[in-house]
Amino acid sequence: MNHLESRARGGHVPAGRKVLVADLDGTLLGGDQESRLQLLRALGRHPEITVVFATGRGLHSVRALLRQDPLLPAPRWIVADVGASVIDATDMSHSTALERPLRRGWPGHATVREALRGFPQLAHQDVVQEGRSSFLLAPEGLTGALTAAVEKLGCSWSYSEGRYFDVLPPQAGKGPAVRQLIDKHRWPLSGLLVAGDSLNDLSLFHLRTHGVIVGNAEAALTERAPEGPLIHRSHLHGAAAILRTLRHLGWVGPPSPVVIGYHRAPARWREGRWEQPSSPNGIMPTLTSILGSTSRDGGLRAVWAAAVTGEGPDPWPVPFPDRLPMALLPLPASRWAGYFHRACKETLWPALMSHPHLIRHDPSHWADYEHVNAAFADHISAHAAQDATVWLHDYNLWLVPGLLKRARPDLTIGLFHHTPFPPPEVFRTLPVAGQLCASLARLDWAGFHTAAFADHFQQLLKGSTAVPRTGVHPLGIDRTAVTALARSRSPHVTAEDGLSVLSVERLDYAKAPVHKIRALTTLLDRRPELRGRLTLRLVCPPPEPGIRAYETTRIELEQAIATLNVRWGTGEWQPVEYTPRSLPFEEVMDHYLAAHVFWVTSLADGMNLTVQEYLTAHAASGRAGVLVLSRHAGIAQQFGNAALLTDPHDPEDLVEVLHTALTMAPSHRMANSARLTHLLDTAPPVDWARAVIAAIGGKPGPPSAMPW
């Protein structure tokens, strides 16, 4: 079995609404090599289709096939021994509960052989016999005396392809075995497709599901199978007939000219429904918007390949909102934890944030990272048309370029980094730096928010056989949507002499939230006139459960806030209003509009879209606000000296610059905000995405790349 394919489809795959039940010899194994490869890739594009083998072979023979044949799709269940055995393919164990009714009344292989010893026309097959007895038999040897002897034993029999004679338990058969699976998993019959080529597949076609009899089937099956619109008699052989039927049913589509690879889906399955991000800004809404717009205007056709973890929805898959062209890759929660919670956040993230002293590398967790990247590479390959463009995102998929380019040299692969890219000397502190560099060097193009990040990347790969092309494309926000929302809100009115400072950021040591509280403590110590007037609203949602990398920061932050609030707080006023959860975007907008100062103190950062949202909101409402911006945020390069910059590595600078902002006259605040808003010349998200896709392919696109 192809090792990447087995990773993508093996393990836990949710039982779905779509199930392919297919015989092996002459059916899944039938047809030319190209047709089999196309079917394999089509099933790889649709992991929601559960594959069930229904074969006359025994388990030993099926396992050997899976090892030897790279074009055979990985099954979830195996109906073997002409329906006498049912095997769970996740661990190749027999399902005793399902087999028990199928084997009821079986006298045993030895008893059958002894009872049929008087029929010399039977040639016993030298294969492992489980729950059945198999013989070779010429057509003229199929006599009434023979079948009567079998019936006297209380058994049933099957004869196929003019040579295979199987003695079975009275209730066994491929159809009855599949019926056991249908009842167990409550598979709707409308979501099943059965495929076969011989008479021992006949019982499958009596299940009243969709069916395809392949073009190379024996004539007796074609003649005896039920008539009706559900059963298709194809002129195509084997795999080609199955693929044509899957396309006819609308279960699979053609490969895509553009595949977008991101480690997450644009929505989260929660409490029985998909939850989309509330904000119109960020990478997931941006990619969602381009996929939606291209499907409407007849332009670029793309698919989004993403992972989904845990049990997921049932039935699988539940359609995404707006019918987004999604290609979900199921991952067990344990695999996701090792990959994302540990390898991404504990090994790679500290290097990206230029905190190499925090790097924690565990080989077992790195194995999870390798496993998921390999599964993504195979998943993307299955969805990508010949000569397609692949657009990867972020450090979570750094190993995909090398794996994908090796398997599919026809693809053009780009990767956009939404995070900072560290200096080469920091990157090389990673224990896996060599492995990552070898993969990144296989990119055709790499994109960044700033020229500095692009330069770090080029310096890192300097001396490689080939250095990817690079581009600088700073991501903007949907300013139209933000402006409209800002004008529709009625913000809370701050007390006449009150001063409101706002920070909106996820919990992360790179955002320096503890530095903020220490600076605010120092400021209130030095400036008693601010006590009772100055409030920091800190909206700081935690990461997803299971991530340990930020736990120390959370503890220090909560302790620092509690200490400060106890020291200076009163019954009517607290220096810090801490919100450790995500808020609807409407509530975030209210906070934007009420804040006199927006405070960003990142030690390292990508673009930081909240800055753009704050400035756009204040411009739309005509309110005065001032931005205090870390020198290390990507957007600081766009503003230059026009911004009120601060260095979070310098505690004294944090205090002084914040004080400068708080004491700035309202007219100066208005002028400062207007000047920065004027400098917001990033492209709208849809134009940005189109320009990046064009840049990956080396083509001119909308003007989103900035000279700085």
Side-chain angles (χ1 to χ4, degrees), residues 266 276-294 296-297 322 416 418 447 449-450 472-491 502-505 539 583-600 605-629 633-640 642-644 669-693 701-708:
Q276 292 180 289
S278 61
S279 171
N281 301 312
I283 184 55
M284 288 198 279
T286 295
L287 296 181
T288 299
S289 67
I290 188 175
L291 288 172
S293 68
T294 54
R296 288 193 299 269
D297 64 21
D322 301 324
F416 196 91
H418 300 276
H449 288 304
T450 75
V472 178
H473 294 256
L475 175 61
I477 63 170
D478 187 340
R479 296 178 68 183
T480 300
V482 172
T483 295
L485 180 60
R487 290 174 176 169
S488 71
R489 305 299 290 179
S490 299
L502 174 66
S503 289
V504 179
E505 59 203 18
V539 180
L583 297 178
F585 192 60
E586 292 79 8
E587 289 187 38
V588 174
M589 178 60 67
D590 292 344
H591 286 308
Y592 283 153
L593 295 174
H596 297 96
V597 176
F598 192 66
W599 198 14
V600 176
D605 211 342
M607 272 304 284
N608 198 306
L609 300 183
T610 59
V611 168
Q612 300 183 52
E613 292 172 348
Y614 175 78
L615 293 173
T616 301
H618 275 250
S621 62
R623 298 173 64 84
V626 62
L627 170 67
V628 176
L629 179 63
I635 201 169
Q637 295 191 35
Q638 185 173 355
F639 292 151
L644 197 57
R669 289 182 195 163
M670 185 70 77
N672 177 264
S673 180
R675 184 163 63 252
L676 295 179
T677 302
H678 178 72
L679 292 172
L680 283 178
D681 54 358
T682 49
V686 170
D687 290 346
W688 173 86
R690 289 180 180 273
V692 170
I693 291 174
S704 74
M706 299 298 158
W708 47 270

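Here the structure is a predicted model, which is why all the values come from computation and not from measurement.
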Does some side-chain heavy atom of [Y] sit less than 4.5 Å from a side-chain heavy atom of [X]?
X      : Y      : result
Asn672 : Leu676 : yes
Asn608 : His449 : no
Val600 : Tyr614 : no
Gln612 : Ile635 : yes
Leu627 : Phe639 : yes

Between [atom1] on residue [X] and [atom2] on residue [Y], distance to nearest 0.5 Å:
X      : Y      : atom1 : atom2 : result
Asp687 : His473 : CG    : NE2   : 12.5 Å
Phe598 : Glu613 : CZ    : CD    : 8.0 Å
Gln637 : Met607 : CD    : CE    : 9.5 Å

Inset, instruction - Tell me, with the steps shown, if Arg479 and Leu680 meet side chain to side chain contact (heavy atoms under 4.5 Å, CB included). - result: CA-CA 10 Å; Arg479 296 178 68 183; Leu680 283 178; 3.9 Å; yes

Legend entry - Partner of Tyr592 by side-chain contact (heavy atoms from CB on, under 4.5 Å), out of Leu502, Val482, Leu485: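 The residue from Leu502, Val482, Leu485 that satisfies side-chain contact (heavy atoms from CB on, under 4.5 Å) with Tyr592 turns out to be Leu502.
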
Legend entry - Nearest atoms (heavy-atom pairs only) where Thr286 meets Ala689: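 Closest heavy-atom pair between Thr286 and Ala689: CG2-CB, 4.4 Å.
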
Inset, instruction - For residues His618 and Ser673, report the shortest heavy-atom separation together with the two atoms involved. - result: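 Of all heavy-atom pairs spanning His618 and Ser673, the closest is CB-OG, 4.2 Å.
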
Name all residues meeting the side chain to side chain contact (heavy atoms under 4.5 Å, CB included) criterion together with [X]; count only those two or more places apart in sequence or in a different chain, and write none if there are none.
X      : result
Ser503 : Glu505, Lys516, Leu536, Leu538, Trp599
Ala671 : none
Thr480 : Asp478

